[in-house]
Amino acid sequence: MTGFVDCDVHNAVPDLSALFPFLADRWVDYCVESGVDGFDPAFYPAGMPLSARPEARRGAGLPGSDPDTVRAHVLDGPGAGHAILNCLYAVQALHNADWSTALAGALNDWQAATWLAADPRFRASVVVSPHDPRTAAEEVRRRADNPGFVQVLLLASTQVPLGQRAHWPIYAAAEAAGMAVAIHPGVAGANALSPVGWSSHYIEDYAGAALTLQSQLTSLVSEGVFAAHQGLRVVLLESGVTWLPSLMWRFDKNWKALRREVPWVDRPPSQLIREHVLLTVAPFDGPPDPTPEWIDRFLTQIGSAEMLLHASDYPHWHHGDGPGTLLGHLSPAERAQVLHGNAARLYGLPEEATSCAPTG
């Protein structure tokens with residue numbers, strides 16, 4: 001398959017000093033005097049096999065930190081037409097709102113200078129600090145004139161649910177700029193990663209990531225984000241997708257009894273989700289060898305293949321979860337939607353793609 005859009009590629013900051021040319025002197029001094037050596041995300045431990053596929057570990061530097069290597073592994077080798085970069089450098093976890101905001105701005109300047117300038121096939125997400133939505137919205141507006149930035153990146157583990165009105169300035173700025181809002185597993189506050197407290201093992205955090213995304217999705221719908229921002233599109237990254245039907249069924253059932261509480265939710269939540277939400281297909285949670293019938297049933301349950309976006313999740317490594325898990329069972333029209341058409345419409349990319357043949 002060639003000409004497809006890879007909607008979840010993680011570019012990494014090689015070292016904190018890489019951001020210094022884009023920071024005010026005050027914040028460079030603050031970083032040095034504070035003795036921090038970086039903000040690499042702890043939710044992808046460097047030694048864990050799933051944190052980086054073997055080929056991404058070869059050579060010097062962190063996996064995903066070299067534009068030429070990422071170009072070879074994501075664009076030139078597999079044949080992607082575009083790659084959407086979602087940088088997970090965890091500046092959002094800082095509780096100093098001014099420092100977090102300054103680092104987010106420098107990170108976006110670094111992305112523009114180091115990645116978007118390196119290859120026109122790269123597109124990037126605007127990293128914002130959630131601690132001050134007003135300045136986060138200003139950062140979105142600052143990037144609106146750069147066509148290389150196509151969405152706003154938020155992390156799922158927040159202090160308060162993302163649907164609450166404190167966050168709405170970010171959504172207004174994204175909608176005005178024609179950008180999607182993406183939500184990815186990650187830490188942007190002091191809350192536990194689990195809905196029931198701090199877990200003991202990494203596998204608990206990793207396997208339970210979808211629960212946090214589900215909570216944020218119900219918040220966005222119930223708080224009225226999609227009623228207030230009818231042009232907004234939200235992308236759920238690295239959350240899995242096969243949990244969605246059961247959530248929509250339960251959400252619709254309970255809404256029928258409780259709809260007076262949320263009068264702005266004027267139609268079944270499943271309909272709002274289908275209108276406003278897309279999900280990347282890596283990782284894809286399903287049977288080890290899904291049948292065409294199982295795939296057809298799943299697509300019928302979510303509504304259509306128009307909700308799905310292709311993603312490699314590079315450099316992360318999902319064992320036994322190759323692209324053929326889903327793509328090989330889709331019709332040619334559905335495959336073209338997932339590989340290219342849905343992303344092209346969402347991100348304003350060229351509508352024409354080259355061959356999107358199935359892969360095994």
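The ring pair (Phe, Tyr, Trp, His ring centres under 6.0 Å) test applied to Phe22 returns no partner, not counting sequence neighbours. With sequence neighbours excluded, the residues satisfying ring pair (Phe, Tyr, Trp, His ring centres under 6.0 Å) with Tyr44 are His316.
Of all heavy-atom pairs spanning Leu62 and Pro14, the tightest one is CD1-O, 4.1 Å. For Tyr347 against Val150, the heavy-atom pair with the smallest separation is CD2-CG2, 3.5 Å. The two residues Cys7 and Leu237 make their nearest non-hydrogen contact at O-CD2, 3.8 Å. For Ser219 against Pro161, the heavy-atom pair with the smallest separation is OG-CB, 3.2 Å. Taking both residues in full, the closest heavy atoms of Ser51 and Pro45 are given as OG-O, 2.7 Å, listed atom of the first, atom of the second, then distance. Summarising the geometry of Val152 relative to Ala174, their closest heavy-atom pair is CG2-CB, 4.0 Å, with the distance given to 0.1 Å.
Going from atom NE2 of His310 over to atom OG of Ser312 covers 6.0 Å, rounded to the nearest 0.5 Å. Atom SG of Cys87 sits about 5.0 Å away from atom CD of Gln111, to the nearest 0.5 Å. Distance check: Met179 CE to Ile170 CD1 gives 12.5 Å after rounding to the nearest 0.5 Å. Considering CZ of Arg259 and CG of Asp252, their distance stands at 10.5 Å, rounded to 0.5 Å. One finds the CD1 atom of Ile302 at 12.0 Å from the OG atom of Ser270 (value rounded to the nearest 0.5 Å). Distance check: Leu236 CG to Leu213 CG gives 5.5 Å after rounding to the nearest 0.5 Å.
Residues Leu232 and Leu220 fall within the same hydrophobic cluster, defined by Ile, Leu, Val, Met, Phe, Trp and Tyr side chains chained together at heavy-atom separations under 4.5 Å. Linking ILVMFWY residues whenever their side-chain heavy atoms come closer than 4.5 Å, directly or via other members, leaves Phe251 and Leu211 in distinct clusters.
Checking side-chain atoms of Thr135 against main-chain N and O of Asp132 turns up a donor-acceptor pair under 3.5 Å. Looking only at distances, no side-chain donor or acceptor of Arg123 sits under 3.5 Å from a matching main-chain atom of Ile84. The closest donor-acceptor contact from the side chain of Thr218 to the backbone of Ser215 lies under 3.5 Å. When atom types are taken as modelled, the side chain of Glu223 and the backbone of Gln164 share no donor-acceptor pair closer than 3.5 angstrom. Using modelled atom types, no side-chain atom of Asp119 and backbone atom of His82 make a donor-acceptor pair closer than 3.5 Å. At distances below 3.5 Å, at least one donor-acceptor pair connects side-chain atoms of Thr300 with backbone N or O atoms of Asp296. Using modelled atom types, no side-chain atom of Gln230 and backbone atom of Phe226 make a donor-acceptor pair closer than 3.5 Å. Side chain of Arg335 to main chain of Leu330: a donor-acceptor pair is present (N/O by atom type, distance under 3.5 Å, no hydrogens or angles).
Counting only N and O atoms by type, the side chains of Glu238 and Asn86 include no donor and acceptor under 3.5 Å apart. Under 3.5 Å, the side chains of Glu261 and Ser222 contain no donor-acceptor pair of N or O atoms. A donor atom on one side chain and an acceptor atom on the other are not found under 3.5 Å apart for Thr242 and Asp285. Between the side chains of His10 and Tyr314, no donor-acceptor pair of N or O atoms lies under 3.5 Å. No side-chain donor from either of Gln92 and Ser129 sits under 3.5 Å from a side-chain acceptor of the other. A donor and an acceptor atom, one from each side chain of Ser199 and Asp205, are located under 3.5 Å apart.
For the pair Val160 and His167, the minimum side-chain heavy-atom distance is below 4.5 Å.
Of the options Leu326, Thr280, Leu278, a side chain to side chain contact (heavy atoms under 4.5 Å, CB included) to Leu308 is made by Leu326 and by none of the others. Of the listed residues (Thr101, Val127, Val128), just one forms a side chain to side chain contact (heavy atoms under 4.5 Å, CB included) with Val91, and that residue is Val127.
Using a 4.0 Å cut-off between a side-chain N of Lys or Arg and a carboxylate O of Asp or Glu, Arg143 and Asp109 qualify as a salt bridge. Classification of Arg121 and Asp76 as a salt-bridged pair holds, one side-chain N sitting under 4.0 Å from a carboxylate O. Taking a cutoff of 4.0 Å between a charged side-chain nitrogen and a carboxylate oxygen, Glu139 and Arg142 qualify as a salt bridge.
Applying the 6.0 Å contact sphere to CZ of Arg250 captures no more than 12 heavy atoms from other residues, nucleotides or ligands.
Checked against the 6.0 Å centroid criterion, the rings of Trp168 and His229 qualify as a close aromatic pair.
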Exercise. Evaluate the ring pair (Phe, Tyr, Trp, His ring centres under 6.0 Å) criterion for residues Phe4 and His340: first the C-alpha distance (whole Å), next the side-chain angles of each, then the deciding distance (0.1 Å), finally the verdict.
Key: CA-CA 5 Å; Phe4 60 92; His340 181 267; 9.6 Å; no

Practice problem: For salt bridge (Lys or Arg N to Asp or Glu O under 4.0 Å), just list the numbers for Arg297 and Glu293, CA-CA rounded to whole Å, side-chain angles, deciding distance to a tenth of an Å, and then say yes or no. | Solution: CA-CA 6 Å; Arg297 188 181 312 119; Glu293 292 76 19; over 6 Å; no

Exercise. Could you give me the CA-CA distance, side-chain angles and deciding distance for Ser304 and Glu334, then say whether side-chain hydrogen bond (donor to acceptor under 3.5 Å, both in side chains) is met?
Key: CA-CA 9 Å; Ser304 78; Glu334 292 169 336; over 6 Å; no

Practice problem: Go through the steps for Leu217 and Ile273 under the test side-chain contact (heavy atoms from CB on, under 4.5 Å), then give the verdict. | Solution: CA-CA 8 Å; Leu217 181 57; Ile273 292 170; 4.0 Å; yes

Exercise. Tell me, with the steps shown, if Val9 and Val70 meet side-chain contact (heavy atoms from CB on, under 4.5 Å).
Key: CA-CA 9 Å; Val9 174; Val70 175; 4.0 Å; yes

Quiz item: For Tyr206 and Phe43, what are the C-alpha separation, side-chain angles and deciding distance, and is it a side-chain contact (heavy atoms from CB on, under 4.5 Å)?
Solution: CA-CA 8 Å; Tyr206 194 79; Phe43 40 95; over 6 Å; no

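Note on ring orientation: taking the six-membered ring where Trp is involved, the planes of Phe39 and Trp99 are perpendicular (angle over 60°, cut-offs 30° and 60°). Under the 30°/60° scheme for interplanar angles, the aromatic rings of Trp27 and Tyr30 are found to stand perpendicular.
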